[in-house]
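Structure first, then comments.
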Amino acid sequence: MTNNNPDPLHGVTLQKIVEHLVEHYGFEYLGKLINIKCFTTNPSVKSSLTFLRKTDWARNKVEKLYIKSLR
């Protein structure tokens with residue numbers, strides 16, 4: 001994140017966000033932080049992306065957690 005661009009989501013794909021969160025927290029803990037089926041039952045990046053692209057409320061939670069994880 002640079003001072004010229006205060007939006008930490010600018011230019012970051014949803015796939016990069018999910019991959020970062022999985023690397024940072026792991027699916028098990030991620031599923032506890034955000035209790036959605038794509039993180040708790042047979043989790044994968046692909047299934048998570050499919051769900052998050054269709055579900056705004058869940059994507060918002062994931063984006064907020066991503067921003068929090070950058071601090």
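For reference, positions follow the sequence shown, starting with 1.
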Inset, instruction - Give the intermediate values and the outcome of side-chain contact (heavy atoms from CB on, under 4.5 Å) for residues Leu30 and Val62. - result: CA-CA 9 Å; Leu30 190 54; Val62 167; over 6 Å; no
Legend entry - Ser44: side-chain hydrogen bond (donor to acceptor under 3.5 Å, both in side chains) partners, not counting sequence neighbours: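 Listed in chain order: Ser47.
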Legend entry - Pairs flagged by ring pair (Phe, Tyr, Trp, His ring centres under 6.0 Å) wherever residues 11-30 is involved - sequence neighbours left out: His20-His24, His20-Tyr66, Tyr25-Tyr29
Legend entry - Residue pairs involving residues 43-63 (criterion ring pair (Phe, Tyr, Trp, His ring centres under 6.0 Å); sequence neighbours excluded):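 Qualifying pairs, neighbours excluded: none.
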In Å and rounded to the nearest 0.5 Å, what is the [atom1] to [atom2] distance from [X] to [Y]?
X     : Y     : atom1 : atom2 : answer
Leu14 : Leu49 : CG    : CG    : 5.0 Å
Glu19 : Glu23 : CD    : CD    : 9.0 Å
Leu33 : Lys68 : CG    : NZ    : 7.5 Å

Legend entry - Pair listing, salt bridge (charged side-chain N to carboxylate O under 4.0 Å, His left out) test, anchored in residues 36-59, at least two apart: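 For residues 36-59: Arg59-Glu63.
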Legend entry - Nearest heavy-atom neighbours spanning Gly31 and Phe39: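 The pair with the smallest heavy-atom distance is CA-CB, 3.7 Å.
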Inset, instruction - Check whether any side-chain heavy atom of Ile34 lies under 4.5 Å from a side-chain heavy atom of Leu21, and answer yes or no. - result: no
Legend entry - Sub-4.5 Å side-chain heavy-atom contact between Ile17 and Leu65: no
Inset, instruction - Check whether any side-chain N or O of Thr13 sits under 3.5 Å from a backbone N or O of Lys16 as a donor-acceptor pair, and report yes or no. - result: yes
